[in-house]
Amino acid sequence: MPWAQQFLFPPAPGKKNECQHEKGRLHMLTIRTFTCENQRKHCVTDTAAPRFGFSLDSDRAGAALAKAVLTVNGWTVETDRQVAIPYGGPALKPFTRYRAELTAVDDAGETAQTSLEFETGRLDTPWSAQWISDGAYSFKEKKVSPVPMTFRKTFSLRGKVKEAKIRSTAMGIYQLTLNGAPVGDDYFAPGFTSYKTNLQYQTYDVTGCLQADNTLTAVVAGGWAVGSFVFTRKNRVTADRQALLLELRVTYEDGSEEIVGTDTSWQVTEEGPLKEADLYDGEVYDATAETTGWRNATVENLRVSPAIRAAYGPAVTAHEEFSPITCTKVDNCLVYDFGQNFAGVVRLDIRGKKGQKIVVRHAEILNPDGSLNTAFLRTAKARIEYTCTDGEQTYSPRFTYMGFRYVGVEGIDVEDIHVTAAALYSDVHDNGGFSCSNDMLNQLQSNIRWGAKSNFVDIPTDCPQRDERMGWTGDIAVFSPTACYNFDMSRFLEKWMLDVQAEQLPGGGIPNTVPVQGYGFPATMPAMAVDWWGDACVLVPWAEYMARGDLSILKKFYPVMKKYVKACKFWAGLLSFGKKKYIWSTPSVLHFGDWVAPDVPKMQQWQARSKWTATASLCNTSAVTARVAQLLGKTEDAAYYKDLSAKVADAYCSVFTDGHGKLLNEFQTAYVLPLQFGMFPPETRTKAADNLARLVEKNDFCIGTGFPGTPYILFALADNGHADTAYKMLLNTKCPSWLYEVKVGATTIWERWDGLDENGQCPIGDDGTDKMISYNHYASGAVGDFLYRRVAGIEPLEAGYKRFAVKPLVGGGLTWASAWVETPYGRAAVDWKAENGTLTMTVAVPVGASCELTLPDGSHTIYGSGTHTCSCKL
Ligand code: BGC
């Protein structure tokens, strides 16, 4: 793709400014986006004080916001803020549609106006409906999911309908059908939360779908709450069987209202076409089966009593569609290759015969003979079994998803089936892009994004294919800055953070997986705070705050951070004295250490590095907590955490180094972390960086870091005088390296650097990890942060990019690089091109923001909004 202009000036995604062409002239100021609770449209909220935000465009260089006037529900506020303006008017009423009106005025007096609609949910309205289930159904079998339940209600309406909305939730995952048509396009409602504390309900507008006589059905499968989940395949973690809670609220044209709610007049059965549904195992569907065996539903007493709120996380929906790039017959199996590894479902268009059985299996890789390799799925069957009726029919699973690139189809001839697939992930909108003159790096960027999308399935998961797909905290702890560059993570991460808060232990530890849902901590560490994994409670809100500038996030989660850091300090200091009190030395089996570091082959060896990784983690989390405290005006706290961080840094250098920047036990991560977190005193920092560069060079510029070190190693090198080494490592194609994966055809990021050899086969033997080999694991894609911050050179100096830096690291033989970020103020972008010894750069600065540009010749300029071009000799 040619350099420049590809990202800088795409059309604004927001609403068209209503007064753009007023009086025949083009206004200079336009409102680019206007959001309520970080949503541009269809916001339904149970928040008492929803937050508003807006971004602007202007064709006048240097334009800045003078003031904005926001009016909602008779309440008006004049503000110069653009981010997270909280509603402060009279209490909002439930089930009400409100209009928010915004007028922005810039410093030249230009004005722009727009408005948005949002809707309140139930707020505190009690449910008149009851939780219902099938009291006659129980299942005791271990490690499996329950038979899906179908609920049904027929009802008639008494007049003309003005508006009709369903609000519903379930124990399990559900899909509604009204008069034969599916309601909504979301998957896995009500979503995955810490069900004992938090449960979402969905809102579906069905005004146009009602008739005089209606049938409403709900299929509820086990999902996370009741079905088998986590690698031990626990089931019935939250509820003994599925349950449904639903209210259809009909407003008639005469103003009267009627509620059709779940109660014992509903019917229920387990005898229908959907025989089995399990997140790991897949679905068994018999299209010849009728739905029979209806009986009356019973009222269900749940074991949990969560707060039930209007969905506040983005829904999982179908996104990219894939057609196979090849189809090969291997024995009796049709093997389709979609050319991309992803999380999602197949869609089968079939010409079938009644009773014909079709089996679909899913895999990320192939065996040498071209058959599917499913060895690393462990207990996940990842299988669909479909029994046909006569004739043309279509089937796509609704209650499961798989991580795959290949499918194998048996039981049908190639001419009788058309196989396609759709990627499923949470609606996190694109928030940034990166590309450059090196195609392998562009593929890496694509792999990073696919690794992310495949693991944003309602919660941040580790992988989408084997019997995990769990909310491993360490993975998102290291990946969140990269995630926030590429996607608008606001709603997704805020939702998950509420569960982190809910699951924090009284002692301050954060479970290793959130929601816990049957796992949480391995038996060896039931109540401990675990470094890096628990760090998610500090690092995730911080990444989100830096990306979007919303201080309320820090305010909300500050108590969680404090409690966690306190716990870490306690565990670190346990059983030691003096300086060693700051060296975290609880036994290594209690930590993950330098998880999946490729320079040592065994899990125990990764864990054995925990003294270094955990100590550096404590230094970092206490430093970030100090910054948060400072921002929240808690100066005493800030001083305390700063001091703690300094003491940990000092202990690290005293205990682990010779005092001159050389580690007594050298490995890459042990240098990377203290370099990145500023733990070395200035006089030894350069020496330490030289030592790291030496280690990297000795390792043939290959990666030696695990989860904790991987996001930072290139920064540790590049920011300390070793940019060339950083580029050599980034561009290395020898295993283990990022581009080795690209070289051998990866389309996502792998869990293990050596996941495949050059022949496409897995060389990893029994290394004590129980076949822990996933080809879709975003953690080491955390290098994406470096692509934006250093290669393209764009990074926030102030949260939300109010002030941002552009300072590209020109090198590695790249001739151009380009990146854009949709900041809360508008689009920030950079394009640089190196040609004939000259660097030419264009930057775009949104209205209300400023950019501090530094060129390789050291010159420094501050730009206001607009598009600016400059150049220098290289
Ligand atoms: C997961 C990881 C996770 C790790 C922690 C693995 O099984 O897939 O990504 O962070 O366990 O030990």
Side-chain angles (χ1 to χ4, degrees), residues 473-474 477-478 508-510 512 525 528-539 561 564-595 597 600 604-626 640-681 684-685 688-689 691-692 695 704-713 715-716:
T473 47
V478 297
I510 302 289
N512 293 323
M525 49 180 95
M528 203 184 97
V530 180
D531 56 288
W532 285 103
W533 272 248
D535 292 9
C537 78
V538 178
L539 304 186
M561 300 180 189
Y564 171 70
V565 174
K566 189 174 173 190
C568 291
K569 180 174 174 272
F570 169 81
W571 287 101
L574 197 69
L575 308 176
S576 34
F577 302 94
K579 274 195 180 174
K580 289 219 168 146
K581 259 199 131 22
Y582 300 101
I583 297 293
W584 197 331
S585 37
T586 42
S588 62
V589 290
L590 304 177
H591 301 260
F592 298 116
D594 203 9
W595 193 250
V600 284
Q604 289 76 9
Q605 292 169 291
W606 309 332
Q607 291 177 295
R609 290 175 172 178
S610 59
K611 248 188 218 167
W612 291 262
T613 55
T615 303
S617 138
L618 179 57
C619 177
N620 183 38
T621 51
S622 46
V624 175
T625 306
Y640 168 79
Y641 290 113
K642 215 172 151 204
D643 178 60
L644 173 60
S645 182
K647 283 186 173 129
V648 179
D650 175 56
Y652 189 101
C653 295
S654 310
V655 174
F656 294 140
T657 77
D658 66 355
H660 304 285
K662 186 166 187 304
L663 281 152
L664 305 177
N665 177 0
E666 291 191 304
F667 57 98
Q668 289 184 9
T669 298
Y671 277 117
V672 169
L673 298 178
L675 278 167
Q676 175 70 8
F677 304 145
M679 293 164 70
F680 286 112
T684 60
R685 188 179 174 86
N691 284 325
L692 171 63
L695 274 194
T705 50
F707 274 29
T710 300
Y712 311 118
I713 185 159
F715 290 99

Spatial distance of atom OG1 (T586) from atom NZ (K611) [nearest 0.5 Å]: 10.0 Å
Close side-chain approach of W612 to Y671, heavy-atom, < 4.5 Å: no
Centroid separation W533 to F707 less than 6.0 Å: yes
Closest non-hydrogen atom pair, A626 against K642: CB-N, 3.7 Å
Return all side-chain donor-acceptor pairs below 3.5 angstrom for residues 569-577, not counting sequence neighbours, or 'none' if the list is empty.
unit_1: S576; atom_1: OG; unit_2: G573; atom_2: O; d: 3.4
unit_1: S576; atom_1: OG; unit_2: K580; atom_2: O; d: 3.3

Check: T669 side chain, T705 main-chain N or O, donor-acceptor pair, under 3.5 Å: no
H591 side chain near R609 side chain, heavy-atom distance below 4.5 Å: no
Closest approach of G704 to A597 (non-hydrogen atoms, all atoms of both residues): O-CB, 3.7 Å
Smallest separation among heavy atoms of T473 and G534, with atom names: OG1-N, 4.2 Å
More than 12 heavy atoms of other groups within 6.0 Å of K566 NZ: no
C619 versus A649, closest heavy-atom pair with distance: SG-CB, 4.0 Å
Pairwise side-chain contact, V648 with T615, heavy-atom cut-off 4.5 Å (strictly under): yes
Any donor-acceptor N/O pair, Q605 side chain to V600 backbone, under 3.5 Å: no
Side chain proximity check, V478 to T710, heavy atoms < 4.5 angstrom: no
Any side-chain heavy-atom pair of D535 and Y564 under 4.5 Å: yes
Check against side chain to side chain contact (heavy atoms under 4.5 Å, CB included), N620 and L673: CA-CA 9 Å; N620 183 38; L673 298 178; over 6 Å; no
Inter-residue atom distance L675.CG - N691.CG, 0.5 Å rounding: 9.5 Å
Any side-chain heavy-atom pair of L644 and Y582 under 4.5 Å: yes
Non-hydrogen side-chain atoms of T621 and M561 separated by less than 4.5 Å: no
Mind listing the side-chain donor-acceptor pairs of residues 653-664 below 3.5 Å, one per line with the distance, residues two or more places apart or on another chain?
unit_1: S654; atom_1: OG; unit_2: K579; atom_2: NZ; d: 3.1
unit_1: S654; atom_1: OG; unit_2: D650; atom_2: O; d: 2.7
unit_1: T657; atom_1: OG1; unit_2: C653; atom_2: O; d: 2.5
unit_1: T657; atom_1: OG1; unit_2: G659; atom_2: N; d: 3.1
unit_1: D658; atom_1: OD1; unit_2: H660; atom_2: N; d: 2.6
unit_1: D658; atom_1: OD1; unit_2: G661; atom_2: N; d: 3.4
unit_1: D658; atom_1: OD1; unit_2: K662; atom_2: N; d: 3.1

Flag, side chain of W606 to backbone of G593, donor-acceptor distance under 3.5 Å: no
Minimum-distance pair of heavy atoms, taken over all atoms of P708 and D594: CD-OD1, 3.8 Å
Shortest non-hydrogen contact from Y652 toward A670: OH-O, 2.7 Å
Side chain to side chain contact (heavy atoms under 4.5 Å, CB included) evaluation trace for L618 with D531: CA-CA 7 Å; L618 179 57; D531 56 288; over 6 Å; no
Main-chain N/O of T613 paired with S617 side-chain donor or acceptor, under 3.5 Å: no
